[in-house]
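Worksheet for the structure shown next.
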Amino acid sequence: MKIAVLPGDGIGTEIVAQAVKVMEVLRGEGVKLELEYGYIGGAGYDAAGDPFPAATEKLAQESDAVLLGAVGGYQYDTLPRPMRPEQGLLRIRKSLNLFANLRPALVYPELVDSSSLKPELVSGLDILILRELTGDIYFGQPRGIRTLESGERQGFDTMHYSESEVRRVAHVGFKSAMKRSKRLCSVDKANVLDTSMFWREIVTEVGKEYPEVELSHMYVDNAAMQLVRAPKQFDVLLTGNIFGDILSDEASMLTGSIGMLPSASLDENNKGLYEPCHGSAPDIAGQDIANPLATILSVAMMMRYTFGNEELAQRIEGAVRRVLQQGLRTGDIFQPGMQKVGCAAMGDAVVAAL
Ligand code: IPM
Ligand code: MG
């Protein structure tokens with residue numbers, strides 16, 4: 001198993017280092033993992049003048065899986081858009097055809113009180129947001145800033161979804177639902193957008209192949225409200241790229257901290273890119289206070305989805321549970337009475353629990 005390790009920017013290096021410690025333990029036990037490092041985001045720009053250098057693309061394409069930290073930093077904010085760190089992320093998703101983005105939002109019993117919602121609303125919460133990741137208004141052409149005949153300037157983007165794009169991610173959604181509680185809620189804005197009307201039509205059609213799955217549809221504004229009103233009504237949430245971007249950030253807060261949320265982005269053959277849902281947090285970078293658990297849990301997802309090793313996945317997840325049970329907390333999930341630890345100490349604790 002060859003893994004491309006792309007720490008990226010900000011806290012990316014610190015959190016990825018903790019995930020690598022976990023992989024080293026597995027390696028010590030004889031699990032065949034070969035790690036190779038590359039640059040992405042601002043680090044790519046610094047090293048090669050490109051947020052997604054050709055060498056990184058080659059490495060990613062030759063690897064079975066990619067572990068990514070995060071991208072972005074203040075020093076890159078004024079670069080022209082093609083050179084901005086986010087472009088590295090968007091381009092690697094597109095280049096590897098990672099159309100299915102799985103973002104589980106799981107509330108650990110130990111962290112119920114860290115949630116911004118009342119404990120009874122989130123206790124036991126376990127939802128999976130499945131976000132389409134390579135289409136939609138994120139990639140639609142044409143886009144840009146133009147001058148109208150009137151002389152006024154206008155910014156514009158294009159939202160579209162082709163049938164094959166909706167179909168393939170819908171299949172992943174129904175298959176995921178089959179492995180869970182067999183409920184799938186597709187989120188769109190079909191009361192306003194033609195793209196969404198089409199999305200709904202195709203999802204409904206694909207649903208006929210999965211008669212056991214209970215399919216429902218919800219408008220995105222309502223879904224945003226329901227997520228904070230009664231989140232436990234959801235099991236799998238299937239949605240497009242931009243709605244999924246927004247809803248997954250919202251859902252992360254239900255769990256206590258975005259610092260706990262891993263993600264997997266998969267292609268047709270379960271090759272995957274694994275990264276925490278959070279960003280590069282430049283304000284706390286280099287201080288050894290970031291939460292590495294989302295990245296460590298991303299390694300668990302890698303074992304599950306790309307390497308098909310459920311046992312290793314559960315072992316890593318179990319180790320994370322254990323350090324939470326021991327009362328160890330990084331600042332983002334800290335509660336009085338718990339033991340505050342830094343990023344590296346949290347990584348060491350997971351290694352010890354493993
Ligand atoms: C995410 C991020 C990215 C996105 C940004 C950094 C381009 O917000 O992974 O959710 O919008 O997809
Ligand atoms: Mg986002």
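Only this structure's heavy atoms are used, side chains among them; waters, hydrogens and symmetry mates stay out. All ligand and atom numbering here is 1-based and tracks the order in the structure.
From the protein, the heavy atom lying nearest to atom 1 (C) of ligand 1 is Arg103 NH2, 3.4 Å. Here the protein heavy atom with the shortest distance to atom 4 (C) of ligand 1 is Tyr138 OH, 3.4 Å. Nearest protein heavy-atom contact of atom 10 (O) of ligand 1 is Asp245 OD1, 2.9 Å.
Within a 6.0 Å radius of CD in Glu152, other residues, nucleotides and ligands contribute 12 heavy atoms or fewer. The local environment of CD in Glu310 is crowded, with over 12 non-hydrogen atoms from other residues, nucleotides or ligands closer than 6.0 Å. Taking a 6.0 Å sphere around CD of Glu212, one finds it holds 12 or fewer heavy atoms contributed by other residues, nucleotides or ligands. Heavy atoms from other residues, nucleotides or ligands lying under 6.0 Å from CD of Glu311 number 12 at most.
Looking at Glu275 next to ligand 1, no N or O pair under 3.5 Å apart turns up.
Of all atoms in ligand 1, numbered sequentially from 1 with element shown, those under 4.0 Å from a heavy atom of Arg131 are 1 (C), 4 (C), 9 (O), 10 (O), 11 (O), 12 (O).
In this structure, of Arg84, Glu86, Arg93, the residue bringing a heavy atom nearest to atom 9 (O) of ligand 1 is Arg93.
With 2.8 Å as the limit, Asp245 counts as an N, O or S neighbour of the Mg ion (ligand 2).
The CD atom of Glu165 sits 11.5 Å away from the CD1 atom of Ile202 when rounded to the nearest 0.5 Å.
Residue Gln87 places every heavy atom at 4.0 Å or more from ligand 1.
Side-chain contact, Arg304 with Asn309: no donor N or O sits under 3.5 Å from an acceptor N or O.
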